Each structure stands twice: as C-alpha cells, then as structure tokens.
Amino acid sequence: MKPQEPWEHELIQAQRIAHLATIGTDMQPAVVPVVYAYDGERFFTPLDGKPKRVALTKLRRVRDITANPQVALVIDHYAEDWSRLAWLQVRGMAAILDTGPIYEKGIILLAERYPQYATVALTGLPVIVIEPSVIRSWRASAS
C-alpha cells in the first residue's frame, strides 16, 4: 500500500522524524522516535551508530519486531495554527535486514536524507524495513 494523496507524500518528505510503535511479548506497546527514509514502497529506519544503552540486538524495538513484526509508524506535523495539523499512520510488517539489495537501498536513502550519517556509523549496521499494509491519514484543512 502507498500513500494516495499528494499532501501525504509531501508530509513524508517534509518531516524529519517519525514514531515507531511495537508490541512486546508482554503485550505492552512501546513507542520510540526514529529517523526514516521512504522509497515509494517501504519505510526504512536504521539501527545506527549513535550511542545506545544496550547492544543493538537488545534494543526493545529489535526484540519486539523479532517476536511480533506488526508495527505502526506515525509521521505528523504539529503547528500552533491548528488548521495546519496533519498526520499519517503506517501499519505494516517490519523486518530487520543487514544485507541484500533492499538493505543497500535503505542505507543509501538514509545517508542522502540525513547528512549526519557522514559522521555517524550506518553502513554495515541493521535497518528496520516496514512494508505498509494500511495507511491512514488526516489533516485539518485541504490547503
């Protein structure tokens, strides 16, 4: 599934962070802010070289996706002028990749989108890939 409206594509490209929701084996939700890239079919979010409290494989989102690959990703725009509010929710299946053409595409898109990856390790580290099955969206006004 792909976003249908031009404004949805604009929202995806304009925003810099999203919020990734996962469900753990304890059936409790977890939400974490993430950077992302979109190739027109799938979303990518890295498990990058920024400092972490635990090893990448021990991150809550990694454990959750391994146990239950169903996730949600929310991209939103907030403004004090509430006529400019908008959000897009992607529900789909996530996978953690560290090789292959889809992985390579994600690494390239993330590096192009975020100049910080010139100095923060990304290559060789896993990427979460989300294949959308449902996309819902809302905006306050049509303009």
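Fair warning: this is a prediction, and the values are worked out from it, not measured in the lab. For the single chain, residues carry numbers from 1 onward in sequence order.
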For residues 18-31, which side-chain N or O atoms pair as donor and acceptor with protein atoms under 3.5 Å away, sequence neighbours left out?
{"residue": "T22", "atom": "OG1", "partner": "D64", "partner atom": "OD2", "Å": "2.6"}
{"residue": "D26", "atom": "OD1", "partner": "Q28", "partner atom": "N", "Å": "3.0"}

Atom [atom1] in [X], atom [atom2] in [Y]: separation rounded to 0.5 Å?
X	Y	atom1	atom2	result
Q70	I130	CD	CD1	12.5 Å
W7	S141	CH2	OG	10.0 Å
W87	R136	CH2	CZ	4.5 Å
R63	N68	CZ	CG	13.5 Å

Can you check whether [X] reaches [Y] side chain to side chain, under 4.5 Å on heavy atoms?
X	Y	value
P46	Y117	yes
M1	V90	no
L11	H77	yes
V34	L73	yes
L88	V74	no

* **Neighbour count >12 (heavy atoms, 6.0 Å) for atom CH2, W138** =>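 Result for CH2/W138: enclosed.
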* Can you name the closest pair of heavy atoms from A37 and L109 and give their distance? ->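 Where A37 meets L109 most closely, the heavy atoms are CB-CB, 3.7 Å.
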* Asked: What residue among L110, I128, V32 forms side chain to side chain contact (heavy atoms under 4.5 Å, CB included) with T45?
  ->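 Result: among L110, I128, V32, I128 is the only option passing the side chain to side chain contact (heavy atoms under 4.5 Å, CB included) with T45.
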* **Residue pairs fulfilling ring-ring contact (aromatic ring centres under 6.0 Å, His included) with at least one residue in residues 21-47, sequence neighbours excluded** =>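 Checked against ring-ring contact (aromatic ring centres under 6.0 Å, His included) - neighbours excluded - the pairs reaching residues 21-47 are Y38-F43.
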* Asked: With no hydrogens and no angle check, is any side-chain donor or acceptor of Q4 less than 3.5 Å from a backbone partner on K2?
  ->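 Side chain of Q4 to backbone of K2, a donor-acceptor pair under 3.5 Å: yes, one is there.
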